[in-house]
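This report refers to the structure that appears directly beneath it.
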2 protein chains.
Amino acid sequence: MPSKLFVSAQEVAEKAGVSRSAVSRTFTPGASVSADTRRRVLEAAEALGYHVNHLARGLMRNESGIVCLIVSDVATPYRSALLRELTIQLQNAGKVAMFVNTDRSDGSVDRALQQAIRYRADASIILSGLPDKSITQLCLRSGQRLVLINRDDDQPGPLKINLDDYESGGRIATAFVRAGCKRLAFANSEAGTPSLMGRERGFIAAATKLGLEVVVERYGSTGYEAGRVLAQRMLTRAERPDGVFCATDLLACGFMDAARHQFGLSIPDQLCVAGFDDIEQASWSSFNLTTFAQPVMAIATRAVKWLATGGHEDEPEEAHSVRLKAELIWRGSIRKG
Amino acid sequence: MPSKLFVSAQEVAEKAGVSRSAVSRTFTPGASVSADTRRRVLEAAEALGYHVNHLARGLMRNESGIVCLIVSDVATPYRSALLRELTIQLQNAGKVAMFVNTDRSDGSVDRALQQAIRYRADASIILSGLPDKSITQLCLRSGQRLVLINRDDDQPGPLKINLDDYESGGRIATAFVRAGCKRLAFANSEAGTPSLMGRERGFIAAATKLGLEVVVERYGSTGYEAGRVLAQRMLTRAERPDGVFCATDLLACGFMDAARHQFGLSIPDQLCVAGFDDIEQASWSSFNLTTFAQPVMAIATRAVKWLATGGHEDEPEEAHSVRLKAELIWRGSIRKG
DNA sequence: TTGCGGATTGCACGCAAGTGCAAGTCGATG
DNA sequence: CATCGACTTGCACTTGCGTGCAATCCGCAA
């Protein structure tokens, strides 16, 4: 129970000796107020510690300024980097970020979106999971904008930002072959998201075209521990792979650590490794990992710009789908060709 | 411009053939509604896709359900882990997290708090920086609760959660001495926050008592790169240290990487290292770092519980200050004593 | 049938803002 | 001095919701 409540425009008006409308107009850009009234209002507001109530303003304007970020595994390096960029850019665009965590349970994303609706978020950005069509439709009907990042989905309406996962898989396969690798492998998680599967398929397709087979293992999540397990499984094979593409950098870190410390392998001499995401740890000298950089900045910029300019429904559907390129960052985990 | 707006309680009422009050009461726990009306309202709401407008509800109840998290460097492993725990627990407590990024600029935290006030957040949790007293007072006067995490501050009112940084510094000094280290060093950042300085002072005090001097270097931020630079500075000294306590795990990771790959030192044989935070990377086999675990879960639990129960102003001031213990996690970067 | 108690319902008001409209102010011009 | 026009100002209504109060309904006992 707060003993004293927030200051209202009414109180400011009384202190400044003007009407409440004048206060309202003072804080509304473009409204008509004389310089004198404005000054008196601002002084009174400053003295009382008045701040416009965005809840009420949002109610009137039907525009809350809130953008809802729907994510799982926030503590993951790649996720947190993207989140950081998104929140900063949203802030610069005059929006405020609301956070909803999801887990792997069914309907988790749907509940998150309902939360967004309850707070009348102007938009929701979905980084994890995929909402049910009915909820998506409800959001769009309600005038809420939707951005799906790396979430392959074909519904019209939301802005979809994706990477060239398939092509990246192909590019890295070529790199392995140039480095003289003979036995390629792909280390994936069991998550089976479109991004991960795209990398896998692209890698296999390109390798096949180059005349090499690819051993594929899938295990666990996309994290470090799963990478270790995958290494244990793959490096004990009779035909030990000498070129491994890991679906994420975290998998690659776990894989490399196990390869070096458990199997005593030297990277890149005996084993070439590549990852995906370009998390900060990839550049650490313990890993020095060749990997694809998620264009985090570009993703955030596209998303926020689209939200800010308020792309219309009548714009062509192509404009709702963006494919960005993941840049290959050369480091030392693959031999020079 | 949304073509269609959100569904209002009025529309639901009309469709269900009841008054708007009935709709409102249906969604208010404990209110008096007959089972029949309730059912009809719920059906209509479901059909129309109605969700209570929390902006309006917050306006009425003077309780928005929003908790504002004020942070810088979100993408840092320790920060993102804490953030994850906080958001999840807030969510479980029926609150929703709002996110405000701060930078190092003056007044950045103050602006963040003003944002919290504008959205009538029930509380703000500050993880970075320290707000001006006047703003703090305004928040408290307005009935907003405040939690300061690892932010040494002596104002009454906010809940302050801190660690036993000083004592931890002492504990690790003892461990170094047991391991036979003769030349201790403390690698710190220039940030100079109370937590970092507490670790430094505690470490020096204990070492001095044990008859050892401590070389201290401070450089840059608390990140990996700063750790590398610190290693370069410290490991080129005539009297090379053989036991280094790094103020954070990231510093330690950078330090270890430089020590091994640039100076060819073997850890823990030639050099013992300890860190602080217990980020995920500390447990990776490349680092296997002995470190102090931030009780992330406990911190979040305390903060959220305090917010949920709504501790009163008339409770004793001691209840507003919590000191948690950082647990020493033994791994392989310090020799066994 | 009447009276009574309890549960349910609707009306109307309030929360804190934004805004159209009409009234008011002021200076300049004819 | 009257008239015009530009600029300000305040009134009143609106947004979506919660809730006190009074009215209504129902069942049951007298």
Side-chain angles (χ1 to χ4, degrees), chain A residues 2 4-42 44-45 48-66 117-122 142-144, chain B residues 2 4-42 44-45 48-66 117-122 142-144:
Chain A
K4 171 75 171 65
L5 303 172
F6 289 92
V7 180
S8 77
Q10 182 61 49
E11 301 175 51
V12 177
E14 280 161 18
K15 178 160 183 114
V18 297
S19 78
R20 206 189 49 67
S21 313
V23 179
S24 197
R25 284 192 247 264
T26 302
F27 292 99
T28 305
S32 163
V33 217
S34 70
D36 185 54
T37 331
R38 167 176 232 96
R39 187 184 47 72
R40 288 165 62 192
V41 169
L42 287 178
L48 295 174
Y50 169 75
H51 290 269
V52 175
N53 185 333
H54 275 46
L55 268 46
R57 171 179 279 186
L59 200 56
M60 269 299 303
R61 293 209 180 143
N62 209 55
E63 186 182 348
S64 61
I66 296 173
I117 293 179
R118 281 194 280 268
Y119 279 95
R120 298 305 189 254
D122 296 340
S142 306
Q144 189 180 90
Chain B
K4 171 74 171 67
L5 303 171
F6 289 91
V7 181
S8 76
Q10 182 62 48
E11 299 175 53
V12 177
E14 281 161 17
K15 178 158 183 116
V18 297
S19 78
R20 205 188 49 67
S21 314
V23 179
S24 196
R25 285 192 245 265
T26 302
F27 291 98
T28 304
S32 161
V33 217
S34 71
D36 186 54
T37 348
R38 167 176 230 95
R39 187 184 48 72
R40 289 165 63 194
V41 168
L42 287 177
L48 295 175
Y50 169 75
H51 290 269
V52 176
N53 186 334
H54 274 46
L55 267 46
R57 170 177 280 186
L59 202 55
M60 269 300 302
R61 293 209 181 142
N62 209 54
E63 186 183 349
S64 61
I66 296 173
I117 293 178
R118 281 194 280 268
Y119 279 96
R120 298 305 188 255
D122 296 340
S142 306
Q144 190 179 92

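In this text, all values refer to a predicted model and were calculated from it rather than measured experimentally.
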Rounded to whole angstroms, how far apart are [atom1] on [X] and [atom2] on [N]?
{"X": "B:Asn62", "N": "D:dT19", "atom1": "CG", "atom2": "P", "result": "12 Å"}
{"X": "B:Glu63", "N": "C:dG14", "atom1": "CD", "atom2": "P", "result": "22 Å"}
{"X": "B:Phe27", "N": "D:dC17", "atom1": "CZ", "atom2": "C1'", "result": "12 Å"}
{"X": "B:Leu48", "N": "D:dG16", "atom1": "CG", "atom2": "P", "result": "14 Å"}
{"X": "A:Leu55", "N": "D:dT14", "atom1": "CG", "atom2": "P", "result": "22 Å"}
{"X": "A:Leu59", "N": "D:dT14", "atom1": "CG", "atom2": "C1'", "result": "9 Å"}
{"X": "A:Glu14", "N": "C:dA16", "atom1": "CD", "atom2": "C1'", "result": "14 Å"}
{"X": "A:Tyr50", "N": "C:dA16", "atom1": "OH", "atom2": "P", "result": "10 Å"}

Given [options], which nucleotide is nearest the side-chain atoms of [X]?
{"X": "B:Arg20", "options": "C:dT19, D:dT15, D:dC17", "result": "D:dC17"}
{"X": "B:Ser34", "options": "D:dG18, C:dG10, C:dT8", "result": "C:dT8"}
{"X": "B:Ala9", "options": "C:dG18, C:dC15, D:dC17", "result": "D:dC17"}
{"X": "B:Ser32", "options": "D:dG10, C:dT8, D:dG18", "result": "C:dT8"}

Side-chain donor or acceptor of A:Arg57 under 3.5 Å from a matching atom on the base of C:dA16?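 No.
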Is there a donor N/O on one and an acceptor N/O on the other, under 3.5 Å, for the side chain of B:Arg25 and the base of C:dG10?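 Looking at the base of C:dG10, it does pair with a donor or acceptor on the side chain of B:Arg25 (distance under 3.5 Å).
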Taking only side-chain N and O atoms of [X], does any of them lie within less than 4.0 angstrom of OP1 or OP2 on [N]?
{"X": "B:Ser24", "N": "D:dC17", "answer": "no"}
{"X": "A:Tyr119", "N": "D:dG16", "answer": "no"}
{"X": "B:Ser21", "N": "D:dG18", "answer": "no"}
{"X": "B:Thr37", "N": "C:dT9", "answer": "yes"}

Step by step, would you call A:Tyr50 with A:Val52 a side-chain contact (heavy atoms from CB on, under 4.5 Å)? CA-CA 7 Å; A:Tyr50 169 75; A:Val52 175; 3.9 Å; yes
Taking any heavy-atom pair under 4.0 Å as a contact, classify B:Val52: base, sugar-phosphate, or nothing.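 Sugar-phosphate, backbone atoms only, no base.
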Please work out if A:Val33 contacts a base, only the sugar-phosphate, or nothing of the nucleic acid, heavy-atom cut-off 4.0 Å.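 The answer is sugar-phosphate, as A:Val33 gets under 4.0 Å only of primed atoms, P, OP1 or OP2.
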Examine distances only and state if a side-chain atom of A:Arg40 and a backbone atom of A:Ala16 form a donor-acceptor pair shorter than 3.5 Å.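 Yes; at least one donor-acceptor contact below 3.5 Å.
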Check each of A:Val33, A:Leu42, A:Val41 against A:Val23 using the side-chain contact (heavy atoms from CB on, under 4.5 Å) test, and report the only one that passes.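 That would be A:Val41; it is the only one of A:Val33, A:Leu42, A:Val41 passing the side-chain contact (heavy atoms from CB on, under 4.5 Å) with A:Val23.
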Could you report the tightest heavy-atom contact between [X] and [Y], atom names first, then the distance?
{"X": "A:Val7", "Y": "B:Arg120", "result": "O-NH2, 3.5 Å"}
{"X": "B:Ala121", "Y": "A:Phe6", "result": "O-CZ, 4.3 Å"}
{"X": "B:Leu55", "Y": "A:Ser64", "result": "CD2-CB, 3.8 Å"}

Reading DNA chain C from 5' onward, which residue's closest nucleotide shows up sooner: B:Ser19 or B:Arg120?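 Result of the comparison: B:Ser19.
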